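Bear in mind the structure is a predicted one, so any value in this text is a computation, not a measurement.
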Amino acid sequence: MKLVDEELLLERLIEQVKNCKNLEEAKELLYSVFKPDSMLEKAVNCCITYHEGQTRKSGEPYAVHPILVATLVAFLSGNKSCIIAALLHDVIEDTYCTEEELGKKFGSEVLKLVLGLTKIIEIREDNLISSKSKQNLTKSALTFRNMLLASIEDVGVLVVKLCDRLHNMLTLDVLRSEKQKRISEETLVVYAPIAHRLGISSIKNHLEDLSFKYLMPDEYNQISRYINSNNQHMQLGLNEFISKIELLFLNNGFRQGSFEIQKRIKHSYSIYLKMQRKGIGIEEVLDLLGVRILVEKVSDCYLALGILHTHFNPLISRFKDYIALPKQNGYQTIHTTLFDTKNIIEAQIRTFDMHKIAEYGIAAHWRYKEGNVAVPKLDWINDLSSNEVLNSQDYNAIELYEYAKDSLYVEDIAVYSPKGEIFTLPRGATALDFAYEIHTKIGLHAKSAYVNRIKVPLLTELKNGDIVHIITSDEKFYRCSWIDSVKTGKAKASIREFCKQKSREINLINVINILCFIFGTSKNQIENWIEKENLKRRIRQASNDKVYLQDIVNGLKKYAKKSYWFDKYEIKEQKIGNFILYSNHKISNIEFDYCCHPKYGDSIMAFVHSGNAMVHHKFCERADKMLEENKDMVFIKWDAKIPKSYKLLFSLENKKGALAEFLALLAKMQVNLLKINLFNEKSSIVDYFEIIIEFLDNIDPELIKDRLKTHCKILDFVSLNDAYKESWGIK
């Protein structure tokens, strides 16, 4: 059977699954895909029995859902354990069936898969990824965590879960609009990227397009209308192009039947992403049309490429060879874009075996028992699962969510080490990302970088094919302010973790030095008192909380020299400028040194010199040396009542009332508008605005930014609160 027929079969099956509403049809569909035996029939019957009396929102028996999920799994993989697990994936969670009962009836392998699936939390009621509720965000982050941890035991868990999500997306029409959007968002940011990393593009594309349809219906309909109205013209153009290359291949070394040419039109969501990334309309998307050329051997791929480039002008900037440099998910294909007489067409060239991997990914080694079918690399699962962010029981949901998202998205460039090792990184990755990709210690000790033998800054953006050499030092470089400058989840998570460790060390020394200044005694004396009073656990908390600090002082008073002033060790609040200080000494003024540049909200500390507090960024290198020298220090924090100022550059559609609506939104969000400038081009349908806004510290700037994104296109959003400049009168 030709592979192109299998693709048509999958499209037809997905349509049948979407329209199937009763148990008999569902069973018939499953048995048409996978020949039944006694064990499969037993699993189907158990599924129906366990879920008896349960219905879906649409009204059909609940058991229809797991049977159809099993049908999709059967088509993709043909793995019997996965099919049975798909049939029974909800029975432990939603019915009276126990783990013991399931294991006894279907064996340990099926039980392990079902338990892995049961651990995966997904949206069922009102849990929204982008919700402002931290509880909801935590639940969505936990979806990532449990999915990845369950997949270590058996990657079949992910295959079943993807099919489960696909069927849910196909039947989303019965839910209310708000729920449709919530589930679609989770699908787009959790499930589609996982399908990509597993190499299952046939499922990824459907998940993306279905999510796109519910999340951005206007954009989806715009693209659909364009494709439908131009479909006949595009199909004729593709047919004409295919006829040309078939003739060229037969006249240049290929025999009839040794190759196959498929026509393709880019799927909707990838068209939308291309339009957004390039800032273009759908008419300007160059690779909207495409052909896929399947050949028998790798050498035939390059023969086909030579024929195409000899007879059609290639757009060299768009040439990619993923056969020589495969993606981590096992994807191998040559991409080239060609100028035909009437169209610009992307040609993809791969072998038949490469096509199996491209369409079915990790499931291909189950689906195709014969042939040279490689298994996609799954190192990324181990990398993710071994990371402290994922394994911590006290994890930060936002950090975990960000790490998993960054680590799942598409790798777009391949770079080399000086020894020729290949590393795949996301587009926009820097030399420092590369250092962390090699090893977290290399990233921590990275001093400088050479790209193609030229010395460059560590934040230099890498390009496809670069040779990168990292120079390390014995010294550690924490670079805590660089988190937003690196691209990979691994680099961000590593920098953040190293900085947390460093912060804990600094906090400890900070409190010791503050106590030394309060009591006017030595570091050794303070440490002895703390040991006697068993206050070690409370020390770190005291670096951020005045109450804890006073409690520790009260606990140590009895060891201090007797004083005529009973309140000598009473810590008092002092406000100076944008800062609040707590000390038993009078602080005259706030000063800044030239070594660091703290902005409002940054972690800070203060050293006392001649009655003045010298403010430094917590991670300032000069301040680090002063810490070790046990210089006098004072408790300091930012005054939360000082408004934060931001500059916002954004665009609005040039329509009546757009600006008034936007300004009304700012007022509702308790955001003050200080200044506004308009940049207008007559040739443009878009107006650009620059505004200065301010809001109190208890309002999260990221929430402000997220809410504004839904009403305008944000080009820049930067803080104007620079404590250093304010102190020195620099404007």
Side-chain angles (χ1 to χ4, degrees), residues 475-482 499 502-527 539-550 552-553 568-642 644-645 697 719-731:
E475 186 179 355
K476 295 178 180 178
F477 302 96
Y478 291 91
R479 299 187 174 97
C480 302
S481 62
W482 290 23
C499 290
K502 181 66 175 176
S503 181
R504 287 192 286 267
E505 294 171 12
I506 290 172
N507 289 346
L508 178 60
I509 302 172
N510 184 14
V511 176
I512 297 293
N513 290 351
I514 289 171
L515 292 170
C516 288
F517 183 54
I518 288 170
F519 288 103
T521 189
S522 68
K523 175 185 175 184
N524 288 339
Q525 189 72 273
I526 291 293
E527 288 177 340
I539 284 292
R540 287 192 178 90
Q541 293 168 306
S543 69
N544 297 310
D545 194 310
K546 177 250 180 183
V547 175
Y548 281 109
L549 181 63
Q550 184 65 68
I552 291 171
V553 170
K568 181 178 179 180
Y569 302 115
E570 187 70 27
I571 298 172
K572 296 179 180 178
E573 180 182 295
Q574 302 174 53
K575 288 188 179 182
I576 303 176
N578 290 347
F579 302 94
I580 297 176
L581 300 99
Y582 295 99
S583 180
N584 62 336
H585 294 79
K586 174 66 177 174
I587 303 299
S588 303
N589 196 19
I590 297 285
E591 295 182 4
F592 287 81
D593 216 331
Y594 286 100
C595 50
C596 58
H597 204 147
K599 288 185 171 59
Y600 186 87
D602 286 347
S603 298
I604 53 173
M605 51 192 177
F607 297 87
V608 180
H609 181 68
S610 301
N612 296 330
M614 303 290 292
V615 179
H616 288 260
H617 194 288
K618 183 184 277 189
F619 298 104
C620 169
E621 291 182 15
R622 185 157 180 250
D624 196 42
K625 294 175 183 175
M626 295 167 69
L627 273 172
E628 296 298 331
E629 293 169 0
N630 303 117
K631 300 289 187 183
D632 290 341
M633 298 185 71
V634 65
F635 184 105
I636 189 169
K637 68 177 185 177
W638 297 99
D639 186 350
K641 295 180 181 178
I642 300 296
K644 294 187 285 191
S645 298
D697 185 59
S719 171
L720 297 179
N721 291 90
D722 191 328
Y724 183 85
K725 287 183 179 178
E726 288 174 11
S727 175
W728 287 92
I730 301 170
K731 302 295 181 185

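- Counting heavy atoms from C-beta on, the side chains of V634 and I518 never come closer than 4.5 Å.
- At least one side-chain heavy atom of Q550 sits under 4.5 Å from a side-chain heavy atom of V553.
- Residues M605 and I506 are in side-chain contact: their nearest non-hydrogen atoms beyond the backbone lie under 4.5 Å apart.
- Judged by distance alone, the side chain of D639 and the main-chain N or O of K575 form no donor-acceptor pair under 3.5 Å.
- We find the NZ-CD1 distance between K523 and I526 to be 11.5 Å, quoted to the nearest 0.5 Å.
- The shortest heavy-atom contact between A613 and A606 is CB-CB, 4.2 Å.
- Residues E591 and H609 form no side-chain contact, since every pair of their non-hydrogen atoms from C-beta on lies 4.5 Å or further apart.
- How far CG of L515 is from CD of E527: 10.5 Å, rounded to the nearest 0.5 Å.
- To the nearest 0.5 Å, the span separating CD1 on I571 from OH on Y582 amounts to 10.0 Å.
- The closest side-chain heavy-atom distance from I590 to L581 is below 4.5 Å.
- The SG atom of C480 lies 9.5 Å from the NZ atom of K618; values are rounded to the nearest 0.5 Å.
- Remark: the backbone N or O of I587 is paired with a side-chain donor or acceptor of Q574 at under 3.5 angstrom.
- No side-chain heavy atom of V511 sits under 4.5 Å from any side-chain heavy atom of N507.
- Considering all non-hydrogen atoms of both residues, R479 and C499 come closest at C-SG, 4.5 Å.
- To the nearest 0.5 Å, the span separating CG on D624 from NE2 on H617 amounts to 13.0 Å.
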Discussion item. As a quick check of understanding, evaluate side chain to side chain contact (heavy atoms under 4.5 Å, CB included) for M626 and H616, giving each step before the final call.
Written reply: CA-CA 10 Å; M626 295 167 69; H616 288 260; 4.2 Å; yes

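- Considering only heavy atoms from C-beta on, N513 stays 4.5 Å or farther from K631 through its side chain.
- Atoms CG and CZ, from N612 and F607 in turn, are 15.0 Å apart once rounded to the nearest 0.5 Å.
- Between N584 and E570 the shortest heavy-atom distance is CB-O, 3.6 Å.
- Residues L627 and M633 have side chains in contact (heavy-atom distance under 4.5 Å, counting atoms from C-beta outward).
- For H585 against S583, the heavy-atom pair with the smallest separation is N-OG, 3.0 Å.
- Residues forming a side chain to side chain donor-acceptor pair (under 3.5 Å) with N589 (at least two apart in sequence, or on another chain): none.
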